[in-house]
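Reading through the structure tokens given below for one structure.
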Amino acid sequence: MSLVVYNTLSREKEPFVPIDAGHVRLYVCGPTVYDYVHIGNARPVVAFDVLYRLLRRRYPRVTYVRNITDIDDRIMVRAADNREPIEALTNRTASAYQSDMQRLGALAPDHEPRATQYVGEMVDMIGRLVDKGHAYPAEGHVLFSVPSMADYGRLSRRTRDELVAGARVEVAPYKKDPADFVLWKPSTDEQPGWPSPWGRGRPGWHIECSAMSARHLGETFDIHAGGLDLIFPHHENEIAQSRCAFGHGLMARYWMHNGFLNISGEKMSKSLGNFFTVHELLDQYPGEAIRLLLLSAHYRQPLDFTHEGLVQAKATLDRWYGVLRGRDAAPAGSVPQAVEEALSDDLNTPLAISALHQLGDPATLRAGANALGLLQQDAEAWFRWAPAGAAGPTDAEIEAAIAARQAARKARDFKESDRIRDDLKVKGVLLEDGPKGTTWKRG
RNA sequence: GGCCUGGUGGCAGAGUGGUGAUGCAGCGGACUGCAAAUCCGCGAAUGCCGGUUCGAUUCCGGCCCAGGCCUCCA
């Protein structure tokens, strides 16, 4: 089954043909670690985790790289506010990120490079750009010369003139051209910095991805992915840096971008206060419910992230886990064809989910859901999940109440048995009488 | 102003040049001590105006509406 992906470069779906069919290489832009990530940051991680899983089924070797940006002005500001060392802040938030993404069912990338560990590579790359006339030093900075690249702007379909005309930002006086962007900037004594031929300083935002992708995936690789908002300037500038430094006609063959996430119909933003961190959501909903909601719309479409959506996602998973419950549900050997076909068409996860609804066999259902990174846990564990800080009855108390209710039912004291059931319901525990006895779940 | 998305039943959300998936909700039935869960069945939608076509929700043009990007941003 051939894989087709939408390539931002061409604005069309294209058959996926790897550069080396023996080794597919994928890069996804990761977070800047200065705080817990928000739910919008999780969308590319989950969407491209589905891609990673699919590629691993198709190709003998896949290398997936997702960076962690641990040097950035926001980090410096936050560390100063917190009165803590930068490394303490970045280590703590990077660990929280990794743990949160794991709880969303995302596989760990093969490499998770941190920018501060690749400053040497970045300095080398900037040196190459200067040597080739694509960059120039100015007042302690090094800038990329946009006019030096004939087809700059291909990804975002913008010409240099359009950029300059639409610019909302004041042009720094040391720029030769208003469109030029920073590769290296000087640091004061208090700011973190590294030695370079242009003085002590730190890298600009874009250069780390160029340097780290080249190091782990090569000068050209297959897929580069990230959020829609990264098309410009981040990915445009990565392309400029990598192509001009290495002299290739392309950096990555396929550029994939996920759409944005709205909160209750409005753009998520700090000023509106409609801002959820993955960390806090994981206290209130199971990770798989959050993941299912993220996959319930196509990755390129906008996704409205609502409480109702989470409740519905959890209900769907309740039903699926109900199919698995008490039955032998080891995943069947292969992913059901309908699911595989849907995912092969530019990751059509909503269509794949609809196919899952048609599956009644537990092993097949689990195999199909696993392709989406869902139904990865034991069914009983799923039904015992409770929100953080919930004050409901313990498992043992529930079992005891069920036993008391069974005794009442046997004595045909339905008033008492219904009282017990209602009492548990108020406490968030739902009972279901089946042919094999009574099962329960936390609502 | 430039570039780019999208407008499908009550809600969520796919596909498709030829009787419009799927899930939730709703309605009816089976099952149950009663429920719940499950199963069976039912009703319900393609923003507006043109064009191409035997036929358009799908292709083309215009309009209206919503959203994103234009050097913080997933």
Side-chain angles (χ1 to χ4, degrees), chain A residues 8 11 28-32 34 37-48 72-74 77 144 146 153 156-159 161-172 175 178-182 204-206 225-234 236-237 257-262 265-270 292-304 306 308-309 311-313 315-316 318-320 322-323 325 338 342 345 348-358 360 408-409 412-415 417-418 421-422 425 430-435 438-441 443:
Chain A
T8 305
R11 309 278 156 113
V28 175
C29 285
T32 299
Y34 64 100
V37 297
H38 57 69
I39 185 63
N41 292 284
R43 171 117 99 144
V45 174
V46 169
F48 300 120
D72 172 273
D73 287 6
R74 283 171 293 171
V77 169
F144 184 91
V146 167
S156 57
R157 306 212 164 174
R158 264 173 253 243
T159 67
D161 291 345
E162 287 167 352
L163 287 176
V164 173
R168 306 181 293 194
V169 181
E170 279 181 58
V171 177
K175 288 188 180 181
D180 293 349
F181 59 90
V182 172
W205 174 33
H206 317 297
L228 199 63
D229 53 330
L230 296 182
I231 294 173
F232 188 88
H234 186 52
E236 198 69 80
N237 291 349
H257 294 96
N258 62 276
F260 271 95
L261 193 147
N262 297 322
E266 289 186 298
K267 187 192 173 182
M268 191 170 65
S269 77
K270 285 178 179 169
L292 177 59
L293 179 58
L294 289 173
L295 294 175
S296 68
H298 183 86
Y299 77 95
R300 285 190 283 116
Q301 295 300 120
L303 172 70
D304 198 25
T306 62
E308 292 71 25
V311 169
Q312 193 175 125
T316 299
D318 279 345
R319 192 169 77 73
W320 287 339
V323 174
R325 196 174 205 178
D345 183 10
N348 193 336
T349 54
L351 191 59
I353 290 166
S354 77
L356 253 27
H357 285 299
Q358 311 311 310
R409 289 182 74 202
R412 300 196 68 78
D413 182 356
F414 295 122
K415 196 175 172 187
S417 70
D418 288 354
R421 186 172 65 196
D422 292 345
K425 188 177 178 183
L430 301 174
L431 301 191
E432 292 166 10
D433 297 328
T438 300
T439 57
W440 61 272
K441 65 183 181 189

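Naming: A, B, ... by sequence-line order, numbering from 1 per chain. None of these values were measured; they are calculated from a predicted model.
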(request) Any chance you could list the contact pattern along nucleotides 10-19 of chain B? Use B for base contacts, S for sugar-phosphate-only contacts and - for none, protein heavy atoms under 4.0 Å, 5' to 3'. (result) ---SSS----
(request) May I ask you to verify if any side-chain N or O of Trp320(A) is less than 4.0 angstrom from the OP1 or OP2 atom of G23(B)? (result) no
(request) Quick one: closest heavy-atom pair of Gly226(A) and Phe48(A), and the distance? (result) N-CE1, 3.8 Å
So [X], base contact, sugar-phosphate only, or nothing? Heavy-atom distance under 4.0 Å.
X         : value
Gly226(A) : sugar-phosphate
Ser156(A) : sugar-phosphate
Leu431(A) : base
Glu236(A) : nothing
Ile231(A) : nothing
Arg158(A) : base
Pro435(A) : nothing
Ala42(A)  : nothing

[X] [atom1] - [N] [atom2] separation (whole Å):
X         : N      : atom1 : atom2 : value
Arg74(A)  : U71(B) : CZ    : C1'   : 13 Å
Leu228(A) : C70(B) : CG    : C1'   : 13 Å
Phe260(A) : G6(B)  : CZ    : C1'   : 15 Å
Leu230(A) : A74(B) : CG    : P     : 6 Å

What distance separates [X] [atom1] from [Y] [atom2], expressed to the nearest 0.5 Å?
X         : Y         : atom1 : atom2 : result
His298(A) : Asp345(A) : NE2   : CG    : 8.0 Å
His257(A) : Cys29(A)  : NE2   : SG    : 7.5 Å
Asp72(A)  : Tyr34(A)  : CG    : OH    : 8.0 Å

(message) Closest-nucleotide mapping onto RNA chain B: is Ala315(A) or Ile39(A) further toward the 5' terminus? I mean the 5' end.
(response) Ala315(A)
(request) Could you check Leu261(A) against Ala355(A) and say which one's nearest nucleotide on RNA chain B is further toward the 5' end? (result) Ala355(A)
Looking only at N and O atoms, is any donor in the side chain of [X] or the base of [N] less than 3.5 Å from an acceptor on the other one?
X         : N      : result
Asp418(A) : G33(B) : yes
Arg300(A) : C4(B)  : no
Arg421(A) : A36(B) : no

(request) Please determine, for the side chain of Phe414(A), which listed nucleotide (U71(B), A36(B), G33(B)) has the closest atom? (result) G33(B)
(message) Regarding Asp422(A) and Lys425(A), does a basic nitrogen lie under 4.0 Å from an acidic carboxylate oxygen?
(response) no
